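Scroll down for the structure; my scribbles are underneath it.
By convention in this document, chain letters (A, B, ...) are assigned in the order of the sequence lines, proteins followed by strands, and residues within each chain are numbered from 1. As the structure is a computational prediction, the values presented were derived from the model and not from experiment.
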Amino acid sequence: MSARIVEVEAYIGEYDPACHAAPGPTPRNKTLYGVPGLTYVYLIYGIYYCLNFVTEAKDCPAAVLIRAGEPVEGFEPIQNVGYSKSPVDRRLSGPGKLCREFGLSTAHTGIDLTGDVLYVEDRHEPAPIIVASPRIGITKATDRLWRFHDANSQAVSGKSLKAQS
DNA sequence: CAGACGATGCACT
DNA sequence: GTGCATCGTCTGG
């Protein structure tokens, strides 16, 4: 399966109140303190999982949350129900949905993203227009504009299908 | 269409 | 015991 990443958020260091490393090292967040380039998956609200990529150097706990994607390969064609005009594929439009569709759980923490199990690849597509905005679903540090999404993607998280400017 | 809310498990204090 | 980096459903306007 593959998808084009269209929305991410940054969580950077112990001094980022919204980062899982904010309380300091714990059993759960230990992979954030390790080498970059690995996955970090955690359980949220008892039901959903969230996929992160560990980014900064060892002992600098930081990660990028993968919030949404557009299905590319390995997905059934989108079903055009009834007479809806332009069906939008939102199966990966949210971190919980994305992990569900890819079958990811905490067992998938620590995977090397340069390996061949779960990895990132540059497909040399034209660079999208990227918009910065506040991170979603948190109450702390909402002033930081550390959410980034493709301005032209209809698969970003949230319900709104409002037009972009 | 927007806002409220319940589900559900576990890390952390 | 508290609080989540969520989502789908239900409600009211």
Side-chain angles (χ1 to χ4, degrees), chain A residues 1 3-34 36-56 59-71 75-76 78-79 81-111 113 118 120 130-151 153-165:
Chain A
M1 304 169 70
R4 186 175 76 92
I5 297 171
V6 298
E7 179 183 357
V8 299
E9 283 175 4
Y11 289 86
I12 311 176
E14 294 180 346
Y15 298 103
D16 174 1
C19 182
H20 279 191
T26 66
R28 179 176 65 157
N29 66 25
K30 70 170 186 285
T31 66
L32 292 178
Y33 287 83
L38 302 187
T39 57
Y40 168 62
V41 184
Y42 66 88
L43 176 66
I44 188 67
Y45 298 116
I47 305 179
Y48 299 102
Y49 296 97
C50 288
L51 170 66
N52 293 252
F53 297 162
V54 178
T55 51
E56 301 292 326
D59 296 323
C60 181
V64 169
L65 168 69
I66 309 304
R67 284 198 59 89
E70 292 176 357
F75 293 86
E76 294 301 317
I78 187 168
Q79 302 186 20
V81 180
Y83 294 94
S84 63
K85 321 176 174 158
S86 47
V88 175
D89 198 330
R90 299 179 62 77
R91 279 175 289 183
L92 305 178
S93 65
K97 296 161 75 176
L98 187 143
C99 282
R100 188 177 60 191
E101 294 299 313
F102 276 88
L104 298 175
S105 71
T106 48
H108 302 275
T109 282
I111 293 176
L113 287 163
L118 174 61
V120 182
I130 299 174
V131 178
S133 55
R135 294 174 292 182
I136 290 179
I138 58 172
T139 55
K140 297 171 238 171
T142 52
D143 57 314
R144 293 157 165 82
L145 303 182
W146 286 350
R147 170 178 177 252
F148 305 93
H149 70 275
D150 181 338
S153 176
Q154 294 291 90
V156 294
S157 66
K159 302 179 181 184
S160 169
L161 293 177
K162 264 195 197 161
Q164 327 257 354
S165 61

Heavy atoms only, 4.0 Å cut-off, all strands: where does A:Leu43 land among base, sugar-phosphate and nothing? sugar-phosphate
Rounded interatomic separation in angstrom, taking CG from A:Leu65 and C1' from C:dT6: 11 Å
Round to the nearest Å and state the distance from A:Arg28 atom CZ to C:dC4 atom C1'. 8 Å
In this structure, how many angstroms lie between the P atom of C:dC7 and the OH atom of A:Tyr49, rounded? 14 Å
Where the side chain of A:Lys97 is concerned, which of C:dG8, C:dA5, B:dA7 is the nearest nucleotide? C:dG8
Nearest-Å distance for atom pair OH/C1', residues A:Tyr11 and C:dC4: 11 Å
Is the A:Tyr42 to A:His20 ring centre distance short of 6.0 Å? yes
Within this structure, what is the CD-to-P distance between A:Glu9 and C:dT6, rounded to whole angstrom? 8 Å
If you check every side-chain atom of A:Arg67, which of B:dT8, C:dG8, C:dT6 has the closest atom? C:dT6
Go through the N and O atoms of the side chain of A:Tyr45 and the base of B:dA7, and report whether any donor-acceptor pair is under 3.5 Å. no
Show the atom names and distances, to 0.1 Å, of all donor-acceptor pairs under 3.5 Å that link a side chain in residues 136-143 of chain A to residues at least two apart or in another chain.
none

Side-chain N or O of A:Arg90 less than 4.0 angstrom from OP1 or OP2 on C:dC7? no
Could you tell me whether A:Arg147 contacts a base, only the sugar-phosphate backbone, or nothing, with contacts defined as non-hydrogen atoms closer than 4.0 Å? nothing
Just to be sure I understand the rule, does A:Arg135 reach a base, reach only the sugar-phosphate, or reach nothing, if contact means heavy atoms closer than 4.0 Å? nothing
By salt bridge (Lys or Arg N to Asp or Glu O under 4.0 Å), which residues pair with A:Arg147, not counting sequence neighbours? A:Glu7
Under 4.0 Å, heavy atoms only, any strand: does A:Gly46 hit a base, just the sugar-phosphate, or nothing? base
If the C1' atom of C:dG8 is compared with that of B:dC10, how far apart are they to the nearest Å? 22 Å
Can you tell me the distance, in whole Å, between the CG atom of A:Leu92 and the P atom of C:dC7? 11 Å
Partners of A:Glu14 by side chain to side chain donor-acceptor pair (under 3.5 Å), sequence neighbours excluded? A:Tyr33
So what stems show up for DNA chain C if we need 3 or more Watson-Crick or G-U pairs in a row, all under 3.5 Å? B:1-7 with C:6-12, B:9-12 with C:1-4
Measuring from A:Tyr49:OH to A:Thr109:OG1, what's the distance to the nearest 0.5 Å? 10.0 Å
Planes under 30° and centres closer than 5.5 Å, is that true for A:Tyr42 with the base of C:dA5? no
Name all pairs fulfilling the side-chain hydrogen bond (donor to acceptor under 3.5 Å, both in side chains) condition that reach into residues 94-108 of chain A, sequence neighbours left out, sorted by first residue then second. A:Ser93-A:Lys97
Residue A:Tyr48, side-chain heavy atoms: nucleotide from C:dA5, B:dT8, C:dC7 that is nearest: C:dC7
Please report, rounded to the nearest Å, how far the P atom of C:dT6 is from the CZ atom of A:Arg91. 22 Å
Taking atom P in both C:dA5 and B:dT13, what distance in whole Å separates the two? 14 Å
Evaluate A:Arg135 against A:Glu9 for salt bridge (Lys or Arg N to Asp or Glu O under 4.0 Å), listing each step before the verdict. CA-CA 7 Å; A:Arg135 294 174 292 182; A:Glu9 283 175 4; 5.5 Å; no
Could you work out, with salt bridge (Lys or Arg N to Asp or Glu O under 4.0 Å) as the rule, every residue matching A:Arg4, not counting sequence neighbours? A:Glu70, A:Asp150
Rounded off to whole Å, could you give me the CD1-to-C1' distance for the A:Ile44 and C:dT2 pair? 13 Å
